Amino acid sequence: MSVVFALWMREVRKYFRSPAQMIGTLGSPVMYLGVLGFGLGRIFERAGEGSYLQFIAPGIIGMTILFTSTFSGMALLWDRQFGFLKETMVAPVPRLTIMVGRTVGGATVALFQGLLVFGISLLAGFRPAHVLVVPTAILVMALVALVFSAMGTIIGSSLKEMQGFQIIMNFLVMPIFFLSGALYPLNNLPAALTVLTRLDPLSYGVDALRGVLTGRMHFPLALNILALVVAASVLMVLGAWRFSKIEV
Amino acid sequence: MILRHAELGEWRSVRRALDFPSFYSGPSVGVPHNAAIPSMDDTPPIIRVEHLVKQFGEVTAVNDVSFDVRRGEIFAFLGPNGAGKTTTIRMLTTLLPPTGGTLELDGLDPVHQQNAVRRRIGVVFQDPSLDQDLTAWENLDLHGVLYGVPRTERHARADRLLELFELADRRNSVVKTFSGGMRRRLEIARGLLHTPRVLFLDEPTLGLDPQSRNQMWTHVQNLNQTDGVTVFLTTHYMDEADRVAHRIAIIDHGRIVAIGSSAELKERTNTQSLEAAYLALTGTDIRDEFAGATDRMRQAAQMWRRR
């Protein structure tokens with residue numbers, strides 16, 4: 001248990017130690033919120049869908065968590081490059097313990113980042129339905145963070161070098177974001193797109209977050225939570241398996 | 001001679017090592033040169049390697065290697081670049097499965113009893129393996145947690161090792177800001193934080209100045225004598241092997257070409273120094289290390305960092 005805590009602490013420490021990175025990764029969420037939130041706002045309202053900022057803010061929080069947690073999972077590749085992975089791999093600790101510590105640590109960092117964007121969206125004018133829904137929203141965020149941190153661990157354990165990074169970015173992370181309903185409502189989509197959006201775990205995360213925060217929801221909350229829990233469990237198991245196969 | 005094997009969790013022995021007077025001693029004081037070889041004929045060897053083979057695709061890195069390391073011994077593994085030293089260490093330390101042959105460490109199989117083996121060993125790798133974003137202290141502390149060293153022991157030992165390797169004033173600096181030599185010292189300090197039964201040192205002194213090298217070997221000899229830690233080391237510095245090792249194995253092209261004490265090797269080759277004996281056994285040709293592109297890049301990066 002102390003090993004899990006120590007590895008978790010390592011991730012958290014590193015996060016607070018690099019404010020440049022913290023602020024740097026806020027760039028795109030702020031841009032999405034500002035440019036899309038206000039740029040598309042009028043069209044969205046004219047279509048009778050209400051405030052676009054209210055709609056998009058939970059999606060952008062979800063996006064931030066997706067990016068941050070996937071990347072912190074993939075930080076495994078850096079640890080491989082700089083050799084630190086070997087130090088943990090030769091220690092008398094079950095690999096599962098190491099994997100859990102890292103993954104939960106990465107998820108925590110992503111949650112922090114999500115909360116930061118939540119704060120920024122409040123500044124931009126986003127208003128949750130009630131202050132009491134915030135704790136539930138944080139739980140949803142944590143669940144989303146865990147799902148994609150585990151996904152990052154799978155990727156980090158499977159790739160050998162940073163070269164694969166662009167491929168993962170363009171063919172996995174971006175599609176997960178664009179198919180999630182973070183930017184547009186999920187109703188009345190073409191059939192193919194509907195299928196894809198339903199396969200995307202982030203769809204349920206964003207929908208749950210939006211539902212909890214603003215009351216607007218596409219799926220039932222129970223289904224959203226169930227989907228997230230199933231995705232987190234499956235990806236954690238897969239991540240642990242991939243992690244156990246790493247050769248350093 | 002009675003040897004005490006430091007059990008993990010048996011922290012009395014750790015304290016003994018820390019109280020040992022020459023732990024703090026300056027560079028000139030140390031353990032007597034080439035202390036007597038432990039006569040361990042009655043106990044089984046702590047490392048047993050038989051017909052070990054490792055192939056990477058077409059390349060045979062380790063080719064039918066057999067040797068024993070006795071309990072309480074300082075055993076040096078010498079050989080040109082690419083001879084198979086690191087590959088052998090990686091197999092013994094559970095990081096790489098062998099292609100053939102048998103391995104045994106303290107009666108355990110590094111392939112199938114990985115965790116039990118890992119509990120008994122400490123490794124200082126040839127390549128850097130520190131977390132550069134953590135401080136010196138945090139690196140040591142995390143290592144202690146990974147090896148289950150109780151908190152108070154961990155902290156006391158980390159403090160003393162930082163002092164021993166003259167890093168105490170930088171304990172709270174992030175490793176990223178360290179010079180190559182400081183990183184290397186921290187890496188060694190970390191490897192000594194827990195008291196393993198077998199300590200693997202893979203070219204530990206590469207890039208270190210003579211003072212640090214001396215300090216390190218003195219400490220390693222202390223660990224060996226007070227706690228009976230078996231040491232398995234590789235180095236390219238013949239004087240180091242000559243100074244600390246009880247026995248030396250010379251490996252070339254994946255095969256062991258000679259094994260024995262420094263005196264025996266000199267006698268066999270009819271030479272005056274270990275270096276001459278080594279060259280007589282392995283020839284004077286420069287070897288091309290068989291390395292992939294990443295290894296080469298890593299090496300280049302390492303060289304730049306050390307400037």
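Remember, it's a predicted structure, so these values are computed and weren't measured experimentally. Letters A, B, ... mirror the listed sequences (proteins, then strands); counts begin at 1.
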Trainee: Where does B:Arg90 contact chain A at under 4.5 Å (heavy atoms): side chain, backbone, both or neither?
Mentor: side chain
Trainee: Considering the options B:Thr93, B:Val123, B:Leu95, which one meets the side chain to side chain contact (heavy atoms under 4.5 Å, CB included) requirement together with A:Lys86?
Mentor: B:Leu95
Trainee: Kindly write out the residues that satisfy side chain to side chain contact (heavy atoms under 4.5 Å, CB included) with A:Ala107, not counting sequence neighbours, or none if the list is empty.
Mentor: A:Ala145, A:Leu146, A:Ser149
Trainee: Is there a side-chain contact between A:Met9 and B:Glu138 (heavy atoms, below 4.5 Å)?
Mentor: no
Trainee: So among B:Arg120, B:Gln114, B:Arg119, which one has a side chain to side chain contact (heavy atoms under 4.5 Å, CB included) with A:Pro92?
Mentor: B:Arg119
Trainee: Against chain A, label B:Leu142 side chain, backbone, both or neither, depending on which of its atoms sit under 4.5 Å from a heavy atom there.
Mentor: side chain
Trainee: Going from CZ on A:Phe82 to CG on B:Leu130, what distance comes out if it is rounded to the nearest 0.5 angstrom?
Mentor: 12.0 Å
Trainee: Would you indicate whether the side-chain heavy atoms of B:Pro97 and A:Glu247 approach each other to under 4.5 Å?
Mentor: yes
Trainee: Between B:Val145 and chain A, which part of the residue has a heavy atom less than 4.5 Å away: side chain, backbone, both or neither?
Mentor: both
Trainee: Would you indicate whether the side-chain heavy atoms of A:Val90 and B:Ile121 approach each other to under 4.5 Å?
Mentor: yes
Trainee: By side chain to side chain contact (heavy atoms under 4.5 Å, CB included), which residues pair with A:Phe16, not counting sequence neighbours?
Mentor: A:Val12, A:Met22, A:Phe112
Trainee: With rounding to the nearest 0.5 Å, note down the distance linking OG1 in A:Thr88 to NE2 in B:His143.
Mentor: 11.5 Å
Trainee: Who passes side chain to side chain contact (heavy atoms under 4.5 Å, CB included) against A:Ala91, sequence neighbours left out?
Mentor: A:Val93, B:Leu146, B:Tyr147
Trainee: Say you draw a straight line from CZ of A:Arg95 to CG of B:Asn115; how long is it, rounded to the nearest 0.5 Å?
Mentor: 9.5 Å
Trainee: Can you name the residues of residues 167-174 of chain B that have some heavy atom under 4.5 Å away from a heavy atom in chain A?
Mentor: B:Val174
Trainee: So which of A:Lys14, A:Arg13, A:Glu87 actually passes side chain to side chain contact (heavy atoms under 4.5 Å, CB included) with B:Asp131?
Mentor: A:Lys14
